[in-house]
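All remarks here apply to the structure that follows.
Residue indices begin at 1 and follow the sequence shown. All values below come from the heavy atoms of this structure, side chains included, with hydrogens, waters and symmetry mates left out. Predicted model, so just to flag it, every value in this text is computed and none were measured.
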Amino acid sequence: MSTTTNDSEHKGDEKGKRQREDKDESFDLPHAVVQRILKNALPDGVQVQKDAKLAVEKAAKIFINYVTACANDFALHSNRRTILSKDVLSAMEELEFADFIPKLKLALEAFEKENADKAAAKKDRSEKDKSEKDKEDENEKDESKKDNEEVEEEDDENIDEDGNEDENETS
């Protein structure tokens, strides 16, 4: 019995490998984001080699996948398909990253406050826009009413004492 592979099987393996690599790359962190994080985390003047940046990107990706998988387990255990912030915090504790929890809670509170502020501002803008639109509609109604009154007054002026239309005034 021969253990040779034909070309179609080989091409299929290559195609599957490329798809896995493409899928893997689609979850890479944006280089600019990693660069900005590194720049903010390090003192001024510190240079980071390209290979080191790549290593940080890969490590961050692995960390995110690891925390997400653990948080998903907490969500599934609670019969939910949605990962909540409390699941992420529980995952951090489970994975022995409890030292990060206070900073994460502060960041979460700031994020929630920012979203609440944005929602309130959007609601205020919406109410203001509605109020302005109502005023515009009211002004248009007033103008239309005035126009109708002027037309009626012109019609009244064109009718003589007997109730007949004045022929000199009609066009």
Side-chain angles (χ1 to χ4, degrees), residues 1-140:
M1 181 174 212
S2 171
T3 58
T4 60
T5 59
N6 64 30
D7 286 341
S8 63
E9 287 177 3
H10 184 66
K11 287 179 184 177
D13 290 343
E14 285 181 15
K15 183 178 178 183
K17 183 178 179 182
R18 272 196 310 267
Q19 287 175 338
R20 283 190 301 276
E21 287 173 357
D22 290 345
K23 183 178 177 183
D24 191 45
E25 287 176 11
S26 68
F27 292 110
D28 283 346
L29 298 173
H31 299 295
V33 171
V34 175
Q35 178 76 20
R36 191 169 41 248
I37 291 170
L38 288 172
K39 184 178 178 185
N40 291 335
L42 297 172
D44 289 338
V46 175
Q47 299 293 318
V48 181
Q49 251 184 347
K50 187 175 181 178
D51 290 347
K53 289 177 192 175
L54 182 62
V56 170
E57 285 180 28
K58 296 293 183 185
K61 178 180 162 182
I62 291 167
F63 178 74
I64 290 168
N65 286 331
Y66 194 45
V67 171
T68 303
C70 188
N72 188 50
D73 290 343
F74 279 100
L76 292 175
H77 183 70
S78 298
N79 296 320
R80 285 182 280 106
R81 294 182 62 185
T82 303
I83 297 173
L84 304 177
S85 57
K86 67 181 182 179
D87 299 324
V88 174
L89 295 173
S90 296
M92 293 298 287
E93 189 169 342
E94 176 80 15
L95 299 172
E96 299 181 7
F97 289 106
D99 294 346
F100 292 102
I101 292 175
K103 285 185 178 182
L104 288 173
K105 285 182 178 179
L106 287 174
L108 180 61
E109 288 171 10
F111 174 76
E112 289 172 344
K113 184 182 182 321
E114 183 179 326
N115 280 348
D117 291 347
K118 284 181 182 179
K122 184 177 180 180
K123 183 178 178 184
D124 289 345
R125 280 193 308 272
S126 176
E127 289 174 359
K128 182 180 176 186
D129 291 347
K130 185 180 184 302
S131 174
E132 288 176 1
K133 185 172 178 359
D134 290 346
K135 286 179 185 177
E136 288 175 9
D137 290 347
E138 189 65 34
N139 288 340
E140 287 177 11

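In Phe100, the CZ atom is not crowded: 12 or fewer heavy atoms of neighbouring residues, nucleotides or ligands sit closer than 6.0 Å.
Put simply, CD on Glu57 and CD1 on Ile62 are 12.0 Å apart, with the number rounded to the nearest 0.5 Å. Taking CG of Asn65 as the reference point, atom SG of Cys70 lies at 13.0 Å (rounded to 0.5 Å). The NZ atom of Lys103 sits 16.0 Å away from the CG atom of Leu108 when rounded to the nearest 0.5 Å. Here Lys122 contributes atom NZ and Asp124 contributes atom CG; the two are 12.5 Å apart, rounded to the nearest 0.5 Å. Leu104 contributes atom CG, which lies 5.0 Å from atom CE of Met92 (distance to the nearest 0.5 angstrom).
The residues Glu114 and Lys118 are annotated as salt-bridged, a charged nitrogen and a carboxylate oxygen being separated by less than 4.0 angstrom.
Counting only heavy atoms from C-beta outward, the side chains of Asp87 and Asn72 never approach each other to under 4.5 Å. Counting heavy atoms from C-beta on, the side chains of Asp28 and Lys58 come closer than 4.5 Å. Under the 4.5 Å side-chain criterion, counting only non-hydrogen atoms from C-beta, Phe74 is not in contact with Lys86. Considering only heavy atoms from C-beta on, Leu29 comes within 4.5 Å of Ile64 through its side chain.
Ring-centre distance between Phe97 and Tyr66: not below the 6.0 Å cut-off.
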Is there a side chain to side chain contact (heavy atoms under 4.5 Å, CB included) between Arg80 and Leu76? Walk through the geometry before answering. CA-CA 5 Å; Arg80 285 182 280 106; Leu76 292 175; over 6 Å; no
Is there a side chain to side chain contact (heavy atoms under 4.5 Å, CB included) between Asn115 and Glu112? Walk through the geometry before answering. CA-CA 5 Å; Asn115 280 348; Glu112 289 172 344; 5.8 Å; no
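Among all heavy-atom pairs drawn from Val48 and Ala52, the shortest one is CG1-CB, 3.7 Å. Ile83 and Thr68 make their closest contact through CD1-O, 3.9 Å (heavy atoms, listed as atom of the first residue, atom of the second, distance).
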